[in-house]
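So you know, we letter chains A, B, ... as the sequences are listed, proteins then strands, and number each from 1.
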Protein chains: 2
Amino acid sequence: MKLSKKSDYALRAMIYLSANYQKGAVQIKEISAKEKIPQKFLENILLTLRKVGILNSKMGLRGGYELARSPDLITLGQVIRALDGAIAPVDCVSQMSYKPCSEEVTCVIRGVMMEIRNAIADVLDKMTFADMCKRVVDSLEKSEREALTYTI
Amino acid sequence: MKLSKKSDYALRAMIYLSANYQKGAVQIKEISAKEKIPQKFLENILLTLRKVGILNSKMGLRGGYELARSPDLITLGQVIRALDGAIAPVDCVSQMSYKPCSEEVTCVIRGVMMEIRNAIADVLDKMTFADMCKRVVDSLEKSEREALTYTI
DNA sequence: TTAAAAGTCTATCAAGATGATAGAATTTGT
DNA sequence: ACAAATTCTATCATCTTGATAGACTTTTAA
(Lines give C-alpha, C1' and ligand atoms only; values in the text may rest on other atoms or scores of the structure.)
Protein backbone atom coordinates (compact mmCIF):
# COMPACT_ATOMS: atom_id res chain seq x y z
CA MET A 1 0.00 0.00 0.00
CA LYS A 2 2.99 2.20 -0.63
CA LEU A 3 3.44 5.00 -3.13
CA SER A 4 6.88 4.52 -4.65
CA LYS A 5 9.46 7.26 -4.66
CA LYS A 6 9.25 7.10 -8.42
CA SER A 7 5.56 7.94 -8.47
CA ASP A 8 6.01 10.56 -5.80
CA TYR A 9 8.69 12.29 -7.88
CA ALA A 10 6.56 11.88 -10.98
CA LEU A 11 3.60 13.60 -9.35
CA ARG A 12 5.77 16.52 -8.24
CA ALA A 13 7.32 16.88 -11.67
CA MET A 14 3.89 16.71 -13.28
CA ILE A 15 2.54 19.42 -11.00
CA TYR A 16 5.53 21.56 -11.89
CA LEU A 17 4.99 20.98 -15.61
CA SER A 18 1.26 21.69 -15.23
CA ALA A 19 1.97 25.00 -13.54
CA ASN A 20 4.24 25.86 -16.48
CA TYR A 21 1.92 24.51 -19.14
CA GLN A 22 1.79 27.61 -21.34
CA LYS A 23 5.51 28.34 -21.12
CA GLY A 24 6.73 25.67 -23.53
CA ALA A 25 9.38 23.05 -22.91
CA VAL A 26 10.90 22.91 -19.43
CA GLN A 27 14.32 21.40 -18.90
CA ILE A 28 14.97 18.41 -16.69
CA LYS A 29 17.66 20.34 -14.88
CA GLU A 30 15.18 23.01 -13.83
CA ILE A 31 12.58 20.55 -12.52
CA SER A 32 15.26 18.54 -10.81
CA ALA A 33 16.60 21.63 -9.04
CA LYS A 34 13.27 23.13 -8.02
CA GLU A 35 11.69 19.89 -6.85
CA LYS A 36 14.89 18.39 -5.46
CA ILE A 37 14.76 15.22 -7.48
CA PRO A 38 17.99 13.40 -8.53
CA GLN A 39 18.42 14.47 -12.14
CA LYS A 40 19.28 11.09 -13.62
CA PHE A 41 16.41 9.44 -11.81
CA LEU A 42 14.06 12.11 -13.09
CA GLU A 43 15.28 11.44 -16.63
CA ASN A 44 14.04 7.86 -16.41
CA ILE A 45 10.71 8.96 -14.99
CA LEU A 46 10.03 11.59 -17.63
CA LEU A 47 11.11 9.19 -20.35
CA THR A 48 8.54 6.69 -19.14
CA LEU A 49 5.85 9.36 -19.09
CA ARG A 50 6.77 10.35 -22.64
CA LYS A 51 6.54 6.77 -23.84
CA VAL A 52 2.97 6.44 -22.59
CA GLY A 53 2.04 9.71 -24.24
CA ILE A 54 1.59 11.90 -21.19
CA LEU A 55 4.55 14.13 -22.03
CA ASN A 56 6.11 15.47 -25.19
CA SER A 57 9.80 16.17 -25.44
CA LYS A 58 11.96 18.38 -27.60
CA MET A 59 15.54 17.34 -28.06
CA GLY A 60 18.57 19.52 -28.49
CA LEU A 61 19.42 22.98 -27.33
CA ARG A 62 16.44 24.71 -25.65
CA GLY A 63 14.72 21.35 -25.59
CA GLY A 64 12.85 19.92 -22.64
CA TYR A 65 9.56 18.36 -21.62
CA GLU A 66 6.01 19.59 -21.69
CA LEU A 67 2.55 18.12 -21.14
CA ALA A 68 1.17 16.34 -24.17
CA ARG A 69 -2.29 17.71 -23.37
CA SER A 70 -4.00 20.14 -21.04
CA PRO A 71 -3.59 19.50 -17.28
CA ASP A 72 -7.32 18.94 -16.84
CA LEU A 73 -7.08 15.94 -19.16
CA ILE A 74 -4.37 14.15 -17.18
CA THR A 75 -5.25 12.32 -13.98
CA LEU A 76 -3.04 11.18 -11.12
CA GLY A 77 -4.16 7.64 -11.89
CA GLN A 78 -2.66 7.76 -15.37
CA VAL A 79 0.71 8.84 -14.02
CA ILE A 80 0.85 6.39 -11.13
CA ARG A 81 -0.18 3.49 -13.36
CA ALA A 82 2.57 4.39 -15.84
CA LEU A 83 5.22 4.15 -13.14
CA ASP A 84 4.00 1.76 -10.46
CA GLY A 85 1.71 -0.36 -12.55
CA ALA A 86 -1.66 -1.52 -11.30
CA ILE A 87 -3.42 0.32 -8.52
CA ALA A 88 -5.32 -2.72 -7.30
CA PRO A 89 -4.03 -4.43 -4.14
CA VAL A 90 -4.31 -7.86 -5.78
CA ASP A 91 -4.20 -8.83 -9.44
CA CYS A 92 -7.54 -10.60 -9.43
CA VAL A 93 -9.30 -7.24 -9.04
CA SER A 94 -7.04 -5.26 -11.33
CA GLN A 95 -8.22 -3.65 -14.55
CA MET A 96 -4.76 -3.23 -15.98
CA SER A 97 -3.04 -6.47 -14.96
CA TYR A 98 -5.90 -8.83 -14.23
CA LYS A 99 -5.02 -12.41 -13.39
CA PRO A 100 -7.69 -14.80 -12.17
CA CYS A 101 -7.12 -16.41 -8.79
CA SER A 102 -8.00 -20.05 -8.33
CA GLU A 103 -11.15 -19.71 -6.26
CA GLU A 104 -12.37 -16.50 -7.73
CA VAL A 105 -16.07 -17.18 -7.62
CA THR A 106 -16.34 -17.70 -3.90
CA CYS A 107 -13.30 -15.80 -2.69
CA VAL A 108 -14.45 -13.25 -0.13
CA ILE A 109 -11.09 -11.54 0.15
CA ARG A 110 -11.46 -10.65 -3.48
CA GLY A 111 -14.68 -8.84 -2.69
CA VAL A 112 -13.05 -6.63 -0.11
CA MET A 113 -10.03 -5.95 -2.30
CA MET A 114 -12.36 -4.90 -5.09
CA GLU A 115 -13.95 -2.35 -2.77
CA ILE A 116 -10.53 -0.98 -1.94
CA ARG A 117 -9.41 -0.86 -5.53
CA ASN A 118 -12.53 1.06 -6.44
CA ALA A 119 -12.07 3.47 -3.57
CA ILE A 120 -8.50 4.23 -4.61
CA ALA A 121 -9.34 4.47 -8.31
CA ASP A 122 -12.20 6.79 -7.43
CA VAL A 123 -9.75 9.30 -5.99
CA LEU A 124 -6.89 8.89 -8.46
CA ASP A 125 -8.91 8.74 -11.67
CA LYS A 126 -11.00 11.80 -10.84
CA MET A 127 -8.17 14.03 -9.69
CA THR A 128 -6.51 15.93 -12.55
CA PHE A 129 -3.36 18.00 -12.51
CA ALA A 130 -5.47 21.07 -13.09
CA ASP A 131 -7.14 20.23 -9.76
CA MET A 132 -3.73 19.84 -8.17
CA CYS A 133 -2.58 23.24 -9.41
CA LYS A 134 -5.73 24.81 -8.03
CA ARG A 135 -5.02 23.19 -4.69
CA VAL A 136 -1.50 24.58 -4.69
CA VAL A 137 -2.84 28.08 -5.26
CA ASP A 138 -5.51 27.67 -2.58
CA SER A 139 -2.98 26.35 -0.14
CA LEU A 140 -0.58 29.21 -0.78
CA GLU A 141 -3.34 31.79 -0.41
CA LYS A 142 -4.39 30.22 2.82
CA SER A 143 -0.92 30.24 4.34
CA GLU A 144 -0.49 33.87 3.26
CA ARG A 145 -3.77 34.80 4.91
CA GLU A 146 -2.62 33.11 8.05
CA ALA A 147 0.75 34.82 7.98
CA LEU A 148 -1.11 38.11 7.67
CA THR A 149 -3.26 37.34 10.67
CA TYR A 150 -0.21 36.84 12.80
CA THR A 151 1.36 40.05 11.51
CA ILE A 152 -1.65 42.14 12.55
CA MET B 1 -0.52 -0.56 -3.46
CA LYS B 2 0.04 -4.27 -3.14
CA LEU B 3 -1.31 -6.69 -0.56
CA SER B 4 1.63 -8.89 0.45
CA LYS B 5 1.43 -12.66 0.26
CA LYS B 6 1.92 -12.60 4.00
CA SER B 7 -1.22 -10.55 4.60
CA ASP B 8 -3.15 -12.55 2.06
CA TYR B 9 -2.27 -15.80 3.86
CA ALA B 10 -3.02 -14.15 7.18
CA LEU B 11 -6.49 -13.14 6.09
CA ARG B 12 -7.26 -16.66 4.86
CA ALA B 13 -5.98 -18.21 8.08
CA MET B 14 -7.98 -15.73 10.13
CA ILE B 15 -11.16 -16.52 8.22
CA TYR B 16 -10.52 -20.20 8.84
CA LEU B 17 -9.97 -19.59 12.56
CA SER B 18 -13.07 -17.42 12.73
CA ALA B 19 -15.19 -20.13 11.17
CA ASN B 20 -13.86 -22.50 13.84
CA TYR B 21 -14.11 -20.05 16.69
CA GLN B 22 -16.12 -22.22 19.09
CA LYS B 23 -14.11 -25.37 18.45
CA GLY B 24 -11.04 -24.51 20.48
CA ALA B 25 -7.43 -24.54 19.33
CA VAL B 26 -6.78 -25.36 15.68
CA GLN B 27 -3.44 -26.73 14.61
CA ILE B 28 -1.18 -24.99 12.12
CA LYS B 29 -0.96 -28.18 10.10
CA GLU B 30 -4.71 -28.21 9.56
CA ILE B 31 -4.89 -24.57 8.45
CA SER B 32 -1.86 -25.01 6.26
CA ALA B 33 -3.40 -28.03 4.53
CA LYS B 34 -6.90 -26.63 4.07
CA GLU B 35 -5.81 -23.19 2.93
CA LYS B 36 -2.75 -24.37 1.02
CA ILE B 37 -0.26 -22.16 2.83
CA PRO B 38 3.38 -23.26 3.30
CA GLN B 39 3.39 -24.49 6.89
CA LYS B 40 6.59 -22.87 8.03
CA PHE B 41 5.58 -19.57 6.52
CA LEU B 42 2.25 -19.78 8.27
CA GLU B 43 4.04 -20.37 11.57
CA ASN B 44 5.72 -16.98 11.28
CA ILE B 45 2.47 -15.29 10.40
CA LEU B 46 0.47 -16.77 13.26
CA LEU B 47 3.29 -16.02 15.66
CA THR B 48 3.16 -12.38 14.65
CA LEU B 49 -0.60 -12.31 15.14
CA ARG B 50 -0.18 -13.84 18.57
CA LYS B 51 2.40 -11.26 19.58
CA VAL B 52 0.02 -8.41 18.80
CA GLY B 53 -2.73 -10.10 20.78
CA ILE B 54 -5.04 -11.12 17.95
CA LEU B 55 -4.48 -14.85 18.51
CA ASN B 56 -3.93 -17.05 21.52
CA SER B 57 -1.86 -20.18 21.31
CA LYS B 58 -1.64 -23.36 23.32
CA MET B 59 1.64 -25.21 23.22
CA GLY B 60 2.23 -28.89 23.39
CA LEU B 61 0.03 -31.82 22.45
CA ARG B 62 -3.44 -30.78 21.29
CA GLY B 63 -2.16 -27.25 21.16
CA GLY B 64 -2.87 -24.81 18.40
CA TYR B 65 -4.15 -21.34 17.69
CA GLU B 66 -7.44 -19.66 18.33
CA LEU B 67 -8.82 -16.15 18.15
CA ALA B 68 -8.08 -14.08 21.23
CA ARG B 69 -11.56 -12.52 20.99
CA SER B 70 -14.79 -12.85 19.08
CA PRO B 71 -14.58 -12.52 15.27
CA ASP B 72 -16.79 -9.45 15.31
CA LEU B 73 -14.16 -7.65 17.36
CA ILE B 74 -11.29 -8.24 14.94
CA THR B 75 -11.02 -6.18 11.78
CA LEU B 76 -9.09 -6.82 8.58
CA GLY B 77 -7.23 -3.59 9.28
CA GLN B 78 -5.80 -4.92 12.51
CA VAL B 79 -4.46 -8.02 10.79
CA ILE B 80 -3.01 -6.26 7.77
CA ARG B 81 -1.33 -3.62 9.92
CA ALA B 82 0.25 -6.34 12.06
CA LEU B 83 1.88 -7.93 9.02
CA ASP B 84 2.38 -5.25 6.38
CA GLY B 85 2.62 -2.24 8.64
CA ALA B 86 0.95 1.05 7.81
CA ILE B 87 -1.94 1.15 5.41
CA ALA B 88 -1.23 4.71 4.30
CA PRO B 89 0.43 5.17 0.90
CA VAL B 90 2.92 7.65 2.35
CA ASP B 91 4.18 8.04 5.91
CA CYS B 92 3.16 11.66 6.26
CA VAL B 93 -0.51 10.61 6.32
CA SER B 94 -0.06 7.48 8.38
CA GLN B 95 -1.59 7.01 11.82
CA MET B 96 0.68 4.17 12.78
CA SER B 97 4.02 5.26 11.34
CA TYR B 98 3.66 8.98 10.88
CA LYS B 99 6.70 10.89 9.72
CA PRO B 100 6.41 14.52 8.75
CA CYS B 101 7.52 15.45 5.24
CA SER B 102 9.44 18.64 4.71
CA GLU B 103 6.77 20.78 3.11
CA GLU B 104 3.83 19.32 4.93
CA VAL B 105 1.75 22.46 5.30
CA THR B 106 1.44 23.21 1.61
CA CYS B 107 2.02 19.77 0.12
CA VAL B 108 -0.93 18.97 -2.11
CA ILE B 109 0.10 15.40 -2.76
CA ARG B 110 -0.29 14.84 0.93
CA GLY B 111 -3.91 15.92 0.70
CA VAL B 112 -4.72 13.36 -1.97
CA MET B 113 -2.84 10.61 -0.17
CA MET B 114 -4.81 11.39 2.97
CA GLU B 115 -8.03 10.88 1.01
CA ILE B 116 -6.79 7.53 -0.19
CA ARG B 117 -5.61 6.44 3.22
CA ASN B 118 -9.01 7.28 4.66
CA ALA B 119 -10.82 5.44 1.90
CA ILE B 120 -8.76 2.30 2.49
CA ALA B 121 -9.01 2.52 6.27
CA ASP B 122 -12.74 3.01 5.91
CA VAL B 123 -13.06 -0.41 4.31
CA LEU B 124 -10.47 -2.31 6.35
CA ASP B 125 -11.30 -0.94 9.77
CA LYS B 126 -15.02 -1.54 9.43
CA MET B 127 -14.85 -5.04 8.04
CA THR B 128 -14.67 -7.70 10.76
CA PHE B 129 -13.99 -11.40 10.42
CA ALA B 130 -17.55 -12.05 11.46
CA ASP B 131 -18.56 -10.12 8.34
CA MET B 132 -16.16 -12.19 6.30
CA CYS B 133 -17.64 -15.45 7.59
CA LYS B 134 -21.09 -14.21 6.74
CA ARG B 135 -19.90 -13.42 3.24
CA VAL B 136 -18.47 -16.90 2.85
CA VAL B 137 -21.82 -18.43 3.81
CA ASP B 138 -23.73 -16.10 1.49
CA SER B 139 -21.37 -16.87 -1.34
CA LEU B 140 -21.68 -20.62 -0.82
CA GLU B 141 -25.46 -20.46 -0.66
CA LYS B 142 -25.51 -18.46 -3.83
CA SER B 143 -23.34 -20.88 -5.76
CA GLU B 144 -25.46 -23.79 -4.49
CA ARG B 145 -28.61 -22.06 -5.64
CA GLU B 146 -27.06 -21.55 -9.02
CA ALA B 147 -25.90 -25.17 -9.25
CA LEU B 148 -29.47 -26.20 -8.44
CA THR B 149 -30.84 -24.03 -11.19
CA TYR B 150 -28.66 -25.78 -13.72
CA THR B 151 -29.66 -29.22 -12.37
CA ILE B 152 -33.35 -28.53 -12.85
C1' DT C 1 29.79 24.00 -39.61
C1' DT C 2 30.48 23.00 -35.23
C1' DA C 3 30.25 22.86 -30.36
C1' DA C 4 27.31 22.99 -26.57
C1' DA C 5 23.07 21.68 -24.64
C1' DA C 6 19.60 18.77 -24.35
C1' DG C 7 17.09 14.29 -24.41
C1' DT C 8 17.69 8.80 -25.30
C1' DC C 9 18.99 4.42 -24.13
C1' DT C 10 21.10 0.56 -21.84
C1' DA C 11 23.55 -1.29 -18.19
C1' DT C 12 24.71 -1.69 -13.62
C1' DC C 13 24.58 -1.49 -8.53
C1' DA C 14 23.54 -1.44 -3.55
C1' DA C 15 20.14 -1.94 -0.23
C1' DG C 16 15.96 -3.50 1.33
C1' DA C 17 11.69 -6.19 1.09
C1' DT C 18 9.55 -10.52 0.16
C1' DG C 19 8.58 -15.30 0.25
C1' DA C 20 10.20 -19.29 2.01
C1' DT C 21 12.86 -22.92 4.61
C1' DA C 22 15.66 -25.24 8.47
C1' DG C 23 16.48 -26.75 12.78
C1' DA C 24 16.96 -26.60 17.62
C1' DA C 25 14.39 -25.44 21.91
C1' DT C 26 10.37 -25.55 24.70
C1' DT C 27 5.92 -26.99 26.36
C1' DT C 28 2.20 -30.21 27.37
C1' DG C 29 -0.92 -34.34 27.58
C1' DT C 30 -0.88 -39.13 28.36
C1' DA D 1 9.45 -40.61 29.28
C1' DC D 2 7.70 -39.67 24.87
C1' DA D 3 5.29 -37.80 21.15
C1' DA D 4 3.11 -33.89 19.30
C1' DA D 5 2.71 -29.39 19.14
C1' DT D 6 4.22 -24.38 19.27
C1' DT D 7 8.35 -21.10 19.72
C1' DC D 8 12.27 -18.86 18.32
C1' DT D 9 16.19 -17.57 15.67
C1' DA D 10 18.73 -17.78 11.67
C1' DT D 11 19.33 -18.10 6.98
C1' DC D 12 18.50 -17.80 2.00
C1' DA D 13 17.34 -16.75 -2.79
C1' DT D 14 14.89 -13.68 -5.52
C1' DC D 15 12.71 -9.49 -6.70
C1' DT D 16 11.94 -4.62 -6.30
C1' DT D 17 13.43 -0.07 -5.51
C1' DG D 18 16.11 3.93 -5.77
C1' DA D 19 19.92 5.58 -7.84
C1' DT D 20 24.03 6.25 -10.87
C1' DA D 21 27.10 5.99 -15.09
C1' DG D 22 28.23 6.58 -19.59
C1' DA D 23 27.89 6.40 -24.41
C1' DC D 24 24.86 8.04 -28.07
C1' DT D 25 21.72 11.11 -30.80
C1' DT D 26 19.42 15.27 -31.93
C1' DT D 27 18.89 20.14 -32.20
C1' DT D 28 20.12 24.80 -32.64
C1' DA D 29 22.60 29.15 -31.76
C1' DA D 30 26.61 31.36 -33.00
Side-chain angles (χ1 to χ4, degrees), chain A residues 1-13 17 20 23-33 35-68 80 82-86 89-91 97, chain B residues 1-13 17 23-33 35-68 80-86 89-91 97:
Chain A
M1 319 260 168
K2 231 11 190 164
L3 184 75
S4 72
K5 211 80 183 162
K6 220 172 191 169
S7 282
D8 181 37
Y9 288 158
L11 295 182
R12 292 178 200 284
L17 285 170
N20 291 276
K23 297 184 192 165
V26 179
Q27 288 153 23
I28 289 186
K29 190 183 282 183
E30 177 182 339
I31 307 173
S32 155
E35 297 292 332
K36 286 168 199 142
I37 304 171
Q39 183 168 338
K40 277 295 193 173
F41 200 13
L42 185 55
E43 276 183 26
N44 291 327
I45 293 168
L46 298 188
L47 199 54
T48 303
L49 290 175
R50 197 206 56 131
K51 281 180 187 161
V52 299
I54 291 174
L55 296 180
N56 286 331
S57 67
K58 253 171 56 185
M59 279 180 83
L61 197 56
R62 291 204 179 173
Y65 283 93
E66 61 190 348
L67 301 191
I80 292 179
L83 292 157
D84 281 359
V90 291
D91 285 342
S97 57
Chain B
M1 321 260 167
K2 219 39 178 150
L3 184 75
S4 73
K5 211 80 183 162
K6 220 171 191 171
S7 282
D8 181 37
Y9 287 158
L11 294 182
R12 292 178 200 284
L17 286 170
K23 297 184 194 165
V26 179
Q27 288 152 24
I28 290 186
K29 191 184 282 183
E30 178 182 337
I31 307 174
S32 155
E35 298 292 332
K36 286 168 200 142
I37 304 171
Q39 183 169 339
K40 279 295 194 174
F41 200 15
L42 185 56
E43 275 183 29
N44 291 327
I45 293 168
L46 298 187
L47 200 53
T48 303
L49 290 176
R50 197 206 55 129
K51 281 180 186 160
V52 299
I54 291 175
L55 296 181
N56 285 332
S57 67
K58 251 170 56 184
M59 279 181 86
L61 197 56
R62 290 202 183 175
Y65 283 93
E66 60 189 350
L67 301 190
I80 291 178
R81 284 197 186 85
L83 292 156
D84 281 0
V90 290
D91 285 342
S97 56

NA contact type, Leu46(B), heavy-atom cut-off 4.0 Å: base, sugar-phosphate, or nothing? nothing

Do Asp8(B) and Val90(A) make a side-chain contact, defined as non-hydrogen atoms from C-beta onward lying under 4.5 Å apart? no

Using atom NZ of Lys40(A) as one end and atom C1' of dA19(D) as the other, report the distance to the nearest whole Å. 11 Å

Under 4.0 Å between a side-chain N/O of Ser57(A) and OP1 or OP2 of dT8(C), yes or no? yes

In whole Å, I'd like the distance from the CG atom of Leu42(B) to the C1' atom of dT6(D). 12 Å

Residue pair Lys2(B) / Asp91(A), side-chain heavy-atom distance below 4.5 Å: yes

With rounding to the nearest 0.5 Å, note down the distance linking CG in Leu49(B) to CG in Asn44(B). 11.0 Å

dA6(C), OP1 or OP2 - any side-chain N/O from Arg50(A) closer than 4.0 Å? no

To the nearest Å, give me how far apart NZ (Lys29(A)) and C1' (dA5(C)) are. 8 Å

Pro38(A) vs Gly60(A), nearer the 5' end of DNA chain D by closest nucleotide: Pro38(A)

Is there a side-chain contact between Leu67(B) and Asn56(B) in this structure, where contact means two heavy atoms from C-beta onward sitting under 4.5 Å apart? no

Met59(B) side chain, from C-beta outward: closest of dG18(D), dT9(D), dT28(C): dT28(C)

Grab the CD1-C1' distance between Ile45(B) and dT6(D) for me, whole Å please. 15 Å

Flag the pair Ile54(B) / Thr48(B) as yes when at least one side-chain heavy-atom distance between them is below 4.5 Å, and no otherwise. no

Select base, sugar-phosphate, or nothing to describe what Lys5(B) touches, counting heavy atoms under 4.0 Å on all strands. sugar-phosphate

So, OP1 or OP2 of dG18(D): does either fall under 4.0 Å of a side-chain N or O from Tyr9(A)? no

Tell me which of Ile28(B) and Asn44(A) sits closer to the 5' end of DNA chain D, going by the nucleotide each one is nearest to. Ile28(B)

Can you measure Arg62(B) atom CZ to dG29(C) atom P for me and round it to whole angstrom units? 10 Å

Whole Å only: how far is the CG atom of Leu61(A) from the P atom of dA4(C)? 11 Å

Grab the CG-C1' distance between Leu3(B) and dT18(C) for me, whole Å please. 13 Å

Between Leu47(A) (CG) and dT26(D) (P), how many Å, whole number? 15 Å

